[in-house]
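So the structure is just underneath, and the comments pick up after that.
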Amino acid sequence: MLAPPDSWPPARRWVQLALVNLAVAALLGALMRYIFLWEVPGVEYRNIMHSHSHGAMLGWVYLVLFAGYVLLAGPERRAYTYLFWATQLTVVAIFGLFAVQGYSVASISATSLHVLLSYVSVGLLWPDLRRKLDGSAALPYLLAGLGSIVLSTLGLWALGAIMSAKPPNMTLFYLAIQFFLHGQLNGWFMFGTLGLVVAYLEKRQLPLNVARLRQAFVLLLCSLLPTYGLAVAWAERHPAIYAVTALGVLLQLLGVVQWLRAVWPALRQLMAPLAPLLRGLWAFGIGSLAFKAVVHAAVAVPYVAIMSFTVRNFVIGFVHLVTLGATTLTVLALLHAQGLISLRGRAARLGAWLLLAGFVLTELLLFLQGLMLWLDWSFIPAYHSILFLATLLLPAGALLLAFRAARTKLPAG
Ligand code: HEM
C-alpha cells in the first residue's frame with residue numbers, strides 16, 4: 001500500500017530535475033569509462049571527472065535530499081522554492097564549467113555559490129525542522145545531516161587558502177578534498193538518508209525501537225570524525241592514526257547494527273507486500289549501507305587500510321557503494337513510497353531495474369578487479385570493455401527514471 005501522493009506538486013518537479021542531474025552525471029561517468037577504451041579528442045578526462053563528481057553530489061544527492069527535507073520542514077515557505085531554483089542554476093554552471101575548464105576561477109565560484117546557498121538552506125531548515133518534528137526519532141539524524149553539510153564545506157574553504165600559498169602543499173590539498181568528500185558521503189548523505197527513512201517509517205506509524213535509534217545516532221555521530229583518519233593515514237602512517245580510525249570504524253559498525261535492529265520490524269512490514277523491484281531497491285539500498293559499514297570496519301586492520309587506499313578500484317567502488325547504493329537506491333525506494341515518482345509504468349520499472357543491475361554489476365567488477373590487482377593477478381579479460389558495457393545500464397536507467405518515473409502528473413491510485 002502506498003502513502004498518499006505528496007500534497008505539494010512542485011516537489012515532483014524538483015525530484016525530476018534532480019533525476020535529470022543524476023542522468024547527466026551518469027552520462028559523464030560512462031564517458032569516462034569510454035575514454036579508458038578510446039581517446040576522445042578535445043576531452044580532458046580529469047575535467048570530466050570533476051564535472052561528474054561535483055554535479056552528482058551537488059546536483060543529484062544534495063537536491064533530492066533538499067526536496068525531502070523541505071517536505072518535512074513545511075514547503076509553504078517561499079524561500080525554499082527560490083533556493084531550489086538558484087541552486088539548480090549553480091548546478092548547471094558546475095556541470096558545464098568543470099567539464100570545459102576543470103578547476104578554474106569560474107567553476108570554483110559556481111561551487112562557492114552553491115555552498116553559500118546551502119548555508120542559507122541549513123539556516124532555514126534547522127529551526128523549521130525542530131519546530132515541525134519536535135520529539136521525532138528522525139530529528140537528530142536530519143539535523144546531523146545539515147550539520148555535516150557545513151562541516152564538510154570547511155574542507156572546500158581550506159582549499160582556497162592552501163592553493164593561495166606558493167607553492168601549494170599538495171598533501172594538505174589532498175586532505176582538504178578528502179575532508180569534503182568524507183563529510184558529504186559519511187555525514188550529509190548518510191544522516192540525511194537515514195533521517196528521511198526514519199521520518200517516513202514514523203509517518204506510516206510502523207514499529208520502531210526509538211531507544212535503539214537514539215543509541216545508533218550517538219554511535220554514528222561519534223564515528224564521523226575518527227573515520228576521517230583513513231584519509232589522514234594515507235599521508236601520515238602513524239600508529240595513533242590507525243588506532244583512531246579503527247575506533248571510528250568500529251563505532252560506525254555498531255551504530256549501523258543498532259540502526260538496523262531498531263528499524264528491522266518496520267522495514268519488514270513495509271517490504272512484505274511490495275513488488276520484487278521495490279523490495280530489491282530497499283534491500284540493495286539498506287544492504288549497501290550495511291555492507292559499507294562492514295567494508296569500512298575491515299580497515300581497522302592496518303594491512304587492509306593500506307590496501308584500501310593503494311588500489312583505486314577500491315576507492316571508486318567504495319565511493320559508489322555509498323553514493324549509488326546506500327543513498328540513491330534507498331532514496332528511489334522512498335520517493336516511490338511517497339508518491340514523488342511512480343515505478344508502476346513499464347518504462348519506469350525498466351529504468352529502475354537497469355539502475356539496480358548497473359550498480360550491482362559495476363560494483364562486482366570494480367571490487368573483483370581491485371582484489372586481483374592487489375594479488376598481482378593481472379586483469380579480467382576485456383575488463384575495461386565489460387565495465388563500460390555494464391556502466392551503460394546506469395545512464396539508460398537514470399534517463400528512463402527522469403523522463404518516465406518522475407512525470408509531474410502521476411496516474412491516480
Ligand atoms: C550514476 C552512475 C555513475 C557512474 C557511471 C559513475 C562513474 C564514475 C567514474 C567512471 C569515475 C572515475 C573513476 C576513476 O577515475 O577511476 C567516478 C568517480 C567519482 N564519482 Fe561517480 N559515477 C556514478 C554516480 C555517482 C554518484 C551518484 C556520485 C555522488 C553522488 C558519484 C561520485 C563520484 C566521485 C566523488 C568520484 C571521484 C572519486 C575520487 O576521485 O576519489 N558518482 N564515477
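All ligand and atom numbering here is 1-based and tracks the order in the structure. Only heavy atoms go into these numbers, but all of them, side chains included; no hydrogens, no water, no symmetry mates.
- Atoms of ligand 1 lying under 4.0 Å from at least one heavy atom of Thr323, given by number and element, are 26 (C), 28 (C), 29 (C), 30 (C), 31 (C).
- Close contacts between ligand 1 and Ala56 involve ligand atoms 26 (C), 27 (C), 28 (C), 29 (C), 30 (C), 31 (C) [criterion: under 4.0 Å to a heavy atom].
- Distances between N or O atoms of Arg33 and those of ligand 1 include no value under 3.5 Å.
- When heavy-atom distances to ligand 1 are checked against a 4.0 Å cut-off, Met57 comes that close through both its backbone and its side chain.
- Closest to atom 1 (C) of ligand 1, if we only count protein heavy atoms, is Ala26 CB, 3.4 Å.
- Of all atoms in ligand 1, listed by their number and element, those nearer than 4.0 Å to a heavy atom of Val61 are 30 (C).
- Without hydrogens or angle criteria, His52 side chain to Ile48 main chain gives no donor-acceptor distance under 3.5 Å.
- Counting protein heavy atoms only, atom 7 (C) of ligand 1 is closest to Gly29 CA, 3.6 Å.
- The ring of His296 has its center closer than 6.0 angstrom to the ring center of Phe318.
- Remark: the Thr227 side chain and the Gln252 side chain contain no N/O donor-acceptor pair separated by less than 3.5 Å.
- In terms of protein heavy-atom proximity, atom 25 (C) of ligand 1 is nearest to His320 CD2, 3.5 Å.
- Nearest protein neighbour of atom 9 (C) of ligand 1, counting heavy atoms only, is Met32 CE, 3.5 Å.
- Checked against the 6.0 Å centroid criterion, the rings of Trp374 and Phe314 do not qualify as a close aromatic pair.
- Which of Arg46, Gln178, His54, His52 comes nearest to atom 4 (C) of ligand 1 through a heavy atom is settled by distance: it is His52.
- Considering both main-chain and side-chain atoms, Thr391 never comes within under 3.5 Å of ligand 1 through any nitrogen or oxygen pair.
- Around atom OH of Tyr228, more than 12 heavy atoms belonging to other residues, nucleotides or ligands sit under 6.0 Å away.
- Between Lys292 and Glu363 there is no salt bridge, since no side-chain N of the basic residue sits under 4.0 Å from a carboxylate O of the acidic one.
- Between Phe388 and Phe36, the distance separating the two ring centers is not shorter than 6.0 angstrom.
- The protein non-hydrogen atom at the shortest distance from atom 40 (O) of ligand 1 is Arg312 NH2, 3.1 Å.
- At a 4.0 Å heavy-atom cut-off, ligand 1 touches Leu181 through the side chain alone.
- Atom CD of Glu39 has 12 or fewer heavy atoms from other residues, nucleotides or ligands within 6.0 Å.
- In terms of protein heavy-atom proximity, atom 34 (C) of ligand 1 is closest to Ser53 CB, 3.4 Å.
- At a 4.0 Å heavy-atom cut-off, ligand 1 touches Leu324 through the side chain alone.
- Atom CZ of Arg46 is surrounded by 12 or fewer heavy atoms from other residues, nucleotides or ligands within 6.0 Å.
- For atom 38 (C) of ligand 1, the closest heavy atom belonging to the protein is Ile316 CD1, 3.7 Å.
- Counting only N and O atoms by type, the side chains of Thr87 and His114 include no donor and acceptor under 3.5 Å apart.
- Nearest protein heavy-atom neighbour of atom 14 (C) of ligand 1: Tyr45 OH, 3.1 Å.
- You'll find the ring centres of Tyr141 and Phe217 inside the 6.0 Å limit.
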